[in-house]
Amino acid sequence: MPDNILKFSLNRCTSVERLADNTLRSVCRLQDTFTSAFVELTARLPDLEVLEARARFHHEWLKPPDLEEILSKLPGMRIGPGMLKIIKGLVGEDQEALRQVAYMVEECCHAVIISLTKDILTQAPDSEEEKLEFFSSMVRENIRLYNRCAAFAPGSRLVEGIEPDK
Amino acid sequence: MLTFARNKLVSVAVKDRDTLSIQAVLDDDLYGLQIDLCVGLSNPEILTIAGKWNRRTTPECYKAIPFLQEMRGERLDAKIAERIHKSLGRKGCRHFANLLIECCHAATQAARVVRWEEAKKAVADLSFENFIKQEASGESPARAQILSETAARGSASSPGRVKTPRGEATGSGQAGLEGEEGFVIDLHTHSFPASSCSSASVDELIEEAKRIGLNGICLTDHNHVWSCEQVEDLRQKHDFTILRGNEITTNQGDMLVFGLDKDIRGIITIEELREEVARAGGFMIAAHPFRGFLTFSTVQLGLTVETAAQRPLFQQVNAVEALNGKVTEKENGFASSVARALGLPATGGSDAHLAAEVGAYATRFSVEIRTEAELIEALKSGEYAPVAFRSQKAAKAAGH
């Protein structure tokens, strides 16, 4: 077989939609060489508690897990810090199929968080100088951002003059 | 209407006889980035990696790119995602980390396809499904053939590095409650290796607690039960009050429990934990109940004290951790308000993962506590308050 032919391809799309009743619906769809799957979560604002979860999972050779039972454990979980450990614990990670489903649940939750982050970042100004001040204020407002990534690490213009212990 | 969409596309081709070439793109409302990497086939590790931003949020995001090079040599084993999160995700950028994890998954799957194609040279009618079954059982003659062929290629690659970066943490300061009397215990600490996320040995925690003038500490390692004998040895060694607790992850978040000897594994529902604690006559505290997000807060979400107080978890706990060293002042303030609204006692704990963090926050009891039984009795009495111990000490030392 010629080398320019792909051996594997993956397409994962995750989207968030705000519904009328103050809930968010997050859907992760996966289509790859072996897998066709989706996971859908509904979460309620403002506490971001998962209300409902459903999924479908088809794989070339992996036996599909009992999704109904697994997903029934998710309602009540809060989307937020520490959720990864909870998702892995509730969905399980001892089978390849479960690891994939858990990852898709995680993707749905991250998408919810980033969609809310987008609301904040749309307020960022256009000019470079004002942008620096905007992000610097964000770190001051929430010191946990300090050193969370390269952009907010010591040496970055965004954290100049910020000392996390003070 | 969609408020957010993220698309990821990963493609894997064979570059040469022993190398896979992976191209990946992530594109969402906020970020656009791409990664190109090469992964070994006979020795599955990252050989080369490059990345670039197409769109980014901050003027400093470009600083993440060099951290991709730290991933060179990483082996694509079962723990690769964890290591990418901890290294590239924390030091560089979590979005590059997210895409690299997809790349590693795709490379692993592509390697299967390549091995199957090799196997078909020996067994022409070998179906993919049968190949996978045989590979899983390790009984395939075709697989043996592939392995021998692989060996014959004489891969010169060295074994992949398995880096295990340790967690980092930062402290936070906040004004605490007034008062100097009483018996002050840090009810929330983590030691290594009992908690893999901690960087402080139990001896370092205890020495620091003594140095700064705490009266005692509780060891609350994640889902870890210290034996009575271990803790007694530590008490005698350090001549200090050391008590046992446990931080247990439930479907409703983390709970500090005291008086429960049972070794809880995995995730338990809060109702099940409540039953276990009640049966043991113990005490349960909602740990950092409003630990929140990085770029927005509970206030921005529109969460009010009244709605937060209605969360079912508060029906199951005996107290609320209102001062925690790992959350923001606002989150601590909010937890304190919710505790007040519910009429639940409030506690404080540093959540220390470094020795220097011990005692940032603690709980001031009105009675002296030397044993676990005395601790639980005191907790049930409600006669205590959370304190910002270190900052109070510092203020006193400065003469304020």
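Residue numbering restarts at 1 for every chain, and letters A, B, ... go by the order of the sequence lines. Everything quoted here is computed from the prediction, not taken from an experiment.
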Please round to the nearest 0.5 Å and tell me the distance separating atom [atom1] of [X] and atom [atom2] of [Y].
X: A:Lys85; Y: B:Asn223; atom1: NZ; atom2: CG; answer: 5.0 Å
X: B:Thr3; Y: A:Leu116; atom1: OG1; atom2: CG; answer: 7.5 Å
X: A:Ile120; Y: B:Leu30; atom1: CD1; atom2: CG; answer: 11.5 Å
X: B:Leu9; Y: A:Cys13; atom1: CG; atom2: SG; answer: 11.5 Å
X: A:Cys149; Y: B:Phe96; atom1: SG; atom2: CZ; answer: 12.0 Å
X: A:Lys131; Y: B:Thr57; atom1: NZ; atom2: OG1; answer: 8.5 Å

Residue among [options] with most heavy-atom pairs under 4.5 Å to chain B:
options: A:Leu24, A:Leu45, A:Ile114; result: A:Ile114
options: A:Gly82, A:Ala124, A:Ala111; result: A:Ala111
options: A:Gly80, A:Ser9, A:Pro81; result: A:Pro81

Report the option among [options] that has the most heavy-atom pairs separated by less than 4.5 Å from atoms of chain A.
options: B:Ile132, B:Thr304, B:Asn251; value: B:Ile132
options: B:Thr269, B:Asp254, B:Asn98; value: B:Asn98
options: B:His288, B:Glu102, B:Arg265, B:Glu129; value: B:Glu102
options: B:Arg112, B:Met1, B:Arg94; value: B:Arg112
options: B:Ala110, B:Cys93, B:Gly292, B:Ala5; value: B:Gly292
options: B:Val113, B:Val25, B:Asp27; value: B:Val113

Given heavy-atom pairs under 4.5 angstrom as the criterion, report whether the side chain, backbone, both or neither of [X] touches chain B.
X: A:Asp32; answer: side chain
X: A:Phe152; answer: side chain
X: A:Ala153; answer: neither
X: A:Ile113; answer: both
X: A:Met77; answer: both
X: A:Glu49; answer: side chain

Plane angle bin for B:His105 and A:Phe8 - parallel if under 30°, tilted between 30 and 60°, otherwise perpendicular: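 Rings of A:Phe8 and B:His105: perpendicular, over 60°.
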Taking side chain as everything from C-beta outward and backbone as N, CA, C, O, which of these in [X] sits under 4.5 Å from a heavy atom of chain A? Side chain, backbone, both or neither.
X: B:Ser21; answer: neither
X: B:Leu2; answer: both
X: B:Asn7; answer: both
X: B:Pro66; answer: neither
X: B:Thr249; answer: side chain
X: B:Arg311; answer: side chain
X: B:Glu331; answer: side chain

Quick check against the 3.5 Å criterion: does A:Lys7 have a side-chain atom that pairs as donor or acceptor with the backbone of B:Val14?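 The answer is no, because no donor-acceptor pair under 3.5 Å joins these two groups.
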Checking B:Glu60 side chain against A:Arg157 main chain: does a donor-acceptor pair fall under 3.5 Å? yes
Which is it for A:Asp47 and B:Gln310 under the side-chain hydrogen bond (donor to acceptor under 3.5 Å, both in side chains) test, yes or no, and what are the steps along the way? CA-CA 10 Å; A:Asp47 52 0; B:Gln310 288 168 16; over 6 Å; no
Check each of A:Asn11, A:Leu6, A:Leu10 against B:Val10 using the side chain to side chain contact (heavy atoms under 4.5 Å, CB included) test, and report the only one that passes.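 Of the listed residues A:Asn11, A:Leu6, A:Leu10, the side chain to side chain contact (heavy atoms under 4.5 Å, CB included) partner of B:Val10 is A:Leu10.
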Could you walk me through whether B:Val327 and A:Arg144 pass the side-chain contact (heavy atoms from CB on, under 4.5 Å) test, one step at a time? CA-CA 8 Å; B:Val327 308; A:Arg144 276 200 310 251; 3.9 Å; yes
Residue pair B:Arg6, A:His110: steps toward the side-chain contact (heavy atoms from CB on, under 4.5 Å) verdict: CA-CA 10 Å; B:Arg6 167 172 282 191; A:His110 279 308; 5.9 Å; no
Test side-chain contact (heavy atoms from CB on, under 4.5 Å) on A:Thr117 and B:Phe4 and set out the steps. CA-CA 10 Å; A:Thr117 302; B:Phe4 176 80; over 6 Å; no
